[in-house]
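Predicted model, so just to flag it, every value in this text is computed and none were measured. We name chains A, B, ... by the order of the sequence lines, and we start the count at 1 in each one.
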Amino acid sequence: MPTTNLADAAIRWYDENARDLPWREPGTSAWAILVSEVMLQQTPVSRVLPAYHAWLSRWPVPAALAADTPAEAIRMWGRLGYPRRALRLRECAVAVVERHGGQVPADLDELLALPGVGAYTARAVAAFAYGQRQPVVDTNVRRFVARASRGAADAGPSTTAADLVDTEALLPAEPARAARASAAFMELGALVCTARSPSCTQCPVVEVCAWRANGHPPAEGPSRRPQQYAGTDRQVRGLLLAVLREAHGPVPAQRLDLVWADDVQRARALRSLLDDGLVMPFGERSYALPAQ
DNA sequence: TAACCGTGGAA
DNA sequence: TTTCCAAGGTT
């Protein structure tokens, strides 16, 4: 049966080739795995590594983070990007303390109900921290499944329900082995079945790969256009927050005015940071990271 | 559903 | 230099 071969081959490859990442060490807590998963949302492993160690050194359990301020979470987040994740991760810690006695829940629906935890992260924690049989579908797995199983060049627009069904069909029956298969699919997507130049000659499933069987057809349809950054509100938000992150206390509005010349856009960006709860007004004309 | 939300490194 | 993209989530 091809699907069984695919998972088995992936696991055998993973046993020999998996990167030695700290959140994969035996005995890693569910909290540490959750922290790693949130940090890894759209941020490369190499940049997550130091932040992961610093974060868990300071907040080794959810209750520790829940007791600290949002400002400190934002500061510790540093330049990982998408700083709303820092805010949500702290809110998540608060929820874990309030709803689950300080223990990261193992139940999928309880995980999904946590702030900043979506379809991918919830199943990643269920599988990697608790050994459950869950389809863990990230961008690597979507690409790997699209190629190896469906024979397409890429995964196309996200279709969460179908992605879950397609991936689940590839998982071995035994839960712990299914979790290992999920890790193997992710690692294959990250190291071998890459977006730009897949290394098919090094791929352990090349003989059962539908994309290869089809003769490596190119991607169909319009490629999603890359996200803009330069000149967008996101860039201005980043500049504003960087000033506040590096400041020790409240920052006068005059200092924020220096980061971007366009008054309208700068005001709009600041407004959105305030709306997000990443920044708070302080006094008459100053701003600070949220103290609570 | 599609747009929005940071940042940095590699090709 | 520009472009692409990296373990997504939320609205």
Side-chain angles (χ1 to χ4, degrees), chain A residues 14 18-19 21-24 28 32-52 74 77-89 91-92 111-129 134-145 154-161 163-164 167 179 182-191 193-198 219 222-245 259 268-269 271-273 275-279:
Chain A
Y14 184 79
R19 289 169 292 179
L21 299 174
W23 42 86
R24 289 176 176 165
T28 302
I33 288 172
L34 174 57
V35 168
S36 77
E37 294 300 344
V38 173
M39 287 184 169
L40 287 162
Q41 292 167 3
Q42 303 284 282
T43 302
V45 167
S46 60
R47 289 171 50 208
V48 164
L49 286 170
Y52 169 83
I74 294 166
W77 197 255
R79 306 185 68 82
L80 287 182
Y82 294 141
R84 294 192 292 198
R85 289 183 292 168
L87 220 47
R88 301 237 167 84
L89 187 49
E91 292 166 5
C92 178
L111 285 164
L112 286 166
L114 295 172
V117 176
Y120 162 74
T121 303
R123 288 177 176 80
V125 171
F128 303 144
Q134 296 283 355
V136 182
V137 184
D138 73 335
T139 185
N140 291 310
V141 174
R142 291 190 71 239
R143 183 175 57 250
F144 175 74
V145 172
D154 61 36
S158 173
T159 53
T160 302
D163 291 340
L164 290 175
T167 304
S182 289
F185 295 158
M186 290 176 68
E187 195 75 342
L188 272 174
L191 299 184
C193 195
T194 57
R196 292 184 191 178
S197 53
S223 60
R224 63 180 180 85
R225 67 162 169 275
Q227 55 183 3
Q228 291 264 84
Y229 181 66
T232 62
D233 287 4
R234 295 162 73 182
Q235 183 183 16
V236 184
R237 283 168 54 107
L239 293 169
L240 291 169
L241 200 60
V243 172
L244 290 159
R245 210 167 44 218
V259 307
R268 186 172 65 231
R271 178 75 256 166
S272 73
L273 288 170
D275 291 343
D276 283 351
L278 284 164
V279 175

Report all interatomic pairs (protein N or O, nucleotide N or O of nucleotides 9-11 of chain B) with separations under 3.5 Å.
unit_1: B:dA11; atom_1: O4'; unit_2: A:Arg196; atom_2: NH1; d: 3.2

In this structure, how many angstroms lie between the [atom2] atom of [N] and the [atom1] atom of [X], rounded?
X        : N     : atom1 : atom2 : result
A:Tyr82  : B:dC4 : OH    : P     : 11 Å
A:Arg268 : B:dC4 : CZ    : C1'   : 13 Å
A:Asp163 : C:dA7 : CG    : P     : 15 Å
A:Leu164 : C:dG8 : CG    : P     : 14 Å
A:Leu240 : B:dT7 : CG    : P     : 10 Å
A:Leu40  : C:dA7 : CG    : P     : 8 Å
A:Tyr14  : C:dA7 : OH    : P     : 14 Å
A:Leu80  : C:dG8 : CG    : P     : 14 Å

If you look at every strand shown and take non-hydrogen atoms under 4.0 Å, does [X] touch a base, only sugar-phosphate, or nothing?
X        : answer
A:Pro157 : nothing
A:Arg234 : base
A:Leu241 : nothing
A:Arg123 : nothing
A:Ala124 : nothing
A:Trp23  : base
A:Thr121 : sugar-phosphate
A:Gly118 : sugar-phosphate

Please confirm whether the backbone N or O of [Y] pairs with a side-chain atom of [X], one donor and one acceptor, at under 3.5 Å?
X        : Y        : result
A:Thr43  : A:Leu80  : yes
A:Arg268 : A:Asp233 : no
A:Arg142 : A:Gly156 : yes
A:Arg245 : A:Ile74  : no
A:Arg85  : A:Met39  : yes
A:Glu37  : A:Ile33  : no

Among A:Arg237, A:Arg234, A:Arg88, salt bridge (Lys or Arg N to Asp or Glu O under 4.0 Å) partner for A:Asp276
A:Arg237
With nearest nucleotides of DNA chain B determined for A:Asp233 and A:Arg79 from heavy-atom distances, which residue corresponds to the more 5′ nucleotide?
A:Asp233
Distance, P atom - from B:dG8 to C:dG9, rounded to whole angstrom
22 Å
Between C:dA7 and B:dA3, how far is it from one P atom to the other, in whole Å?
23 Å
Can you name the one residue among A:Leu164, A:Val137, A:Leu111, A:Val117 that meets side chain to side chain contact (heavy atoms under 4.5 Å, CB included) with A:Arg123?
A:Leu164
Of the nucleotides B:dT7, C:dA7, C:dG9, which has the atom closest to the A:Leu21 side chain?
C:dA7
Nearest-nucleotide pick for A:Gln41, side chain only, options being B:dG8, C:dA7, C:dG9:
C:dG9
OP1 or OP2 of [N] less than 4.0 angstrom from a side-chain nitrogen or oxygen of [X], does that happen here?
X        : N      : result
A:Arg84  : C:dT11 : no
A:Arg85  : C:dG9  : no
A:Gln42  : C:dG8  : yes
A:Tyr229 : B:dT7  : yes

Are any of the side-chain heavy atoms of A:Asp163 and A:Val145 separated by less than 4.5 Å?
no
Just to be sure I understand the geometry, which residues of residues 135-144 of chain A put a non-hydrogen atom under 4.0 Å away from DNA chain C?
A:Asp138, A:Thr139, A:Asn140, A:Arg143
Kindly compute the distance separating CZ (A:Arg79) from CZ (A:Arg47), expressed to the nearest 0.5 Å.
9.0 Å
If you assign each of A:Phe128 and A:Arg88 to its closest nucleotide in DNA chain C, which residue comes earlier from the 5' end?
A:Phe128
Counterpart residues, side chain to side chain contact (heavy atoms under 4.5 Å, CB included), relative to A:Asp138 (two or more places apart):
A:Tyr120, A:Asn140, A:Val141, A:Met186
